[in-house]
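Working notes, structure below.
These numbers were taken from a predicted model, which means no experiment stands behind them. Heads up: numbering here begins at 1 and tracks the sequence.
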Amino acid sequence: ALRGTVHVETEPDAGSRFTIRLPLTLAIIDGFLTGVGKASYVIPLDMVVECIELAGTSEERDYLNLRGEVLPFVRLRELFEAGGQKPARENVVVVQYAGQKAGIVVDQLLGEFQTVIKPLGSLFRHMRGIGGSTILGSGEVALILDVQALVSRCAKAEELLANSSTGTRRLETH
């Protein structure tokens, strides 16, 4: 009924593998639309915990104190080398995946909406941090962020920082 396929592989004494394939155009998610420079990015809404203003952090740091908890973050402007002027006010979208929290720093918070996931071409298949794309009502393309990859990136950076430091870190209050 969904125009998909089911493939079953069975090996004696090993088990069975069921592969279900659905057309990607049927993948609709609730997303949170953000902006960095002239680009738009969608964060899957079910992974968004909260949004806060990024204030009082230096450019060298990639973490902040969120109510006593160290929150590593990634700046999309730097990650995707977005041009243009950095805004006076940046925002952090706090996301959670597999029990780990991280922040995604964006220029603008544009709100919630439902979106259809479109696959990326083979040229973009190896881009870490991007899970797909969508077309906005304006006709512009927005990239859908791969929160799992971004949280893993933050966790690895946090681990490297913790291992390289003396174990004490000065956190400014948020």
Side-chain angles (χ1 to χ4, degrees), residues 24 27-82 84-120 124-134 136 141-174:
L24 214 58
I28 297 175
I29 63 165
D30 288 321
F32 190 75
L33 185 62
T34 63
V36 176
K38 294 180 180 178
S40 298
Y41 298 94
V42 177
I43 301 169
L45 191 60
D46 62 343
M47 296 184 183
V48 174
V49 177
E50 64 181 305
C51 299
I52 58 174
E53 184 177 348
L54 180 64
T57 61
S58 69
E59 289 296 317
E60 302 94 45
R61 292 191 352 201
D62 288 331
Y63 60 89
L64 59 87
N65 180 356
L66 181 65
R67 295 181 291 281
E69 179 182 352
V70 175
L71 182 75
F73 59 77
V74 62
R75 297 176 190 268
L76 288 189
R77 179 172 287 280
E78 292 174 8
L79 182 65
F80 297 124
E81 298 175 7
Q85 191 77 329
K86 182 180 147 187
R89 178 180 173 219
E90 291 179 296
N91 298 284
V92 180
V93 180
V94 180
V95 294
Q96 184 167 359
Y97 178 82
Q100 289 185 307
K101 283 186 184 176
I104 300 172
V105 179
V106 299
D107 295 352
Q108 297 175 306
L109 302 173
L110 301 172
E112 302 176 22
F113 78 117
Q114 279 195 327
T115 184
V116 176
I117 300 173
K118 299 286 185 186
L120 291 173
F124 300 103
R125 187 178 306 138
H126 301 292
M127 282 189 69
R128 293 200 38 93
I130 302 295
S133 64
T134 189
L136 304 176
V141 173
L143 297 175
I144 299 172
L145 297 179
D146 179 355
V147 172
Q148 176 183 1
L150 294 175
V151 169
S152 295
R153 176 189 174 103
C154 285
K156 286 177 188 169
E158 180 71 14
E159 188 177 312
L160 287 173
L161 185 63
N163 290 338
S164 66
S165 71
T166 60
T168 59
R169 292 199 290 188
R170 188 176 147 259
L171 290 178
E172 296 175 15
T173 58
H174 178 80

Taking all atoms of both residues into account, what is the closest heavy-atom pair of [X] and [Y], and its distance?
X	Y	value
Val151	Ala102	CG2-CB, 4.0 Å
Val95	Val49	C-CG2, 4.1 Å
Gly129	Ala149	N-CB, 3.9 Å
Asn65	Gly68	OD1-N, 2.7 Å
Val141	Ser133	CG1-CB, 4.1 Å

Distance (rounded to the nearest 0.5 Å) between [X] [atom1] and [Y] [atom2]:
X	Y	atom1	atom2	result
Ile28	Thr115	CD1	OG1	8.5 Å
Leu33	Leu110	CG	CG	4.5 Å
Asp107	Gln85	CG	CD	10.5 Å
Lys101	Glu69	NZ	CD	4.5 Å
Leu150	Ile43	CG	CD1	8.5 Å
Leu79	Leu145	CG	CG	8.5 Å

Tyr41 and side chain to side chain contact (heavy atoms under 4.5 Å, CB included): which partner among Ile104, Val106, Leu143?
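Going through Ile104, Val106, Leu143 one by one, the side chain to side chain contact (heavy atoms under 4.5 Å, CB included) with Tyr41 is satisfied by Leu143 alone.
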
Going through the distances and angles, do Glu112 and Val48 end up as a side-chain contact (heavy atoms from CB on, under 4.5 Å)?
CA-CA 11 Å; Glu112 302 176 22; Val48 174; over 6 Å; no

Any side-chain heavy-atom pair from [X] and [Y] closer than 4.5 angstrom?
X	Y	result
Ile29	Ile144	yes
Pro44	Gln148	no
Val93	Cys51	yes

Counting only heavy atoms not in Phe113, do more than 12 sit closer than 6.0 Å to its CZ atom?
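Result for CZ/Phe113: enclosed.
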
Can you confirm whether the side chains of Glu53 and Asn91 place a donor and an acceptor under 3.5 Å from each other?
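Asn91 and Glu53 do not have a side-chain donor-acceptor pair below 3.5 Å.
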
Do any N or O atoms from the side chain of Thr134 and from the backbone of Ala142 form a donor-acceptor pair under 3.5 angstrom?
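No; judged by distance alone, with no hydrogens or angles, the pair does not exist.
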
So, are Glu90 and Arg75 salt-bridged, with charged N and O less than 4.0 Å apart?
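Salt bridge between Glu90 and Arg75, a charged N being under 4.0 Å from a carboxylate O: yes.
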
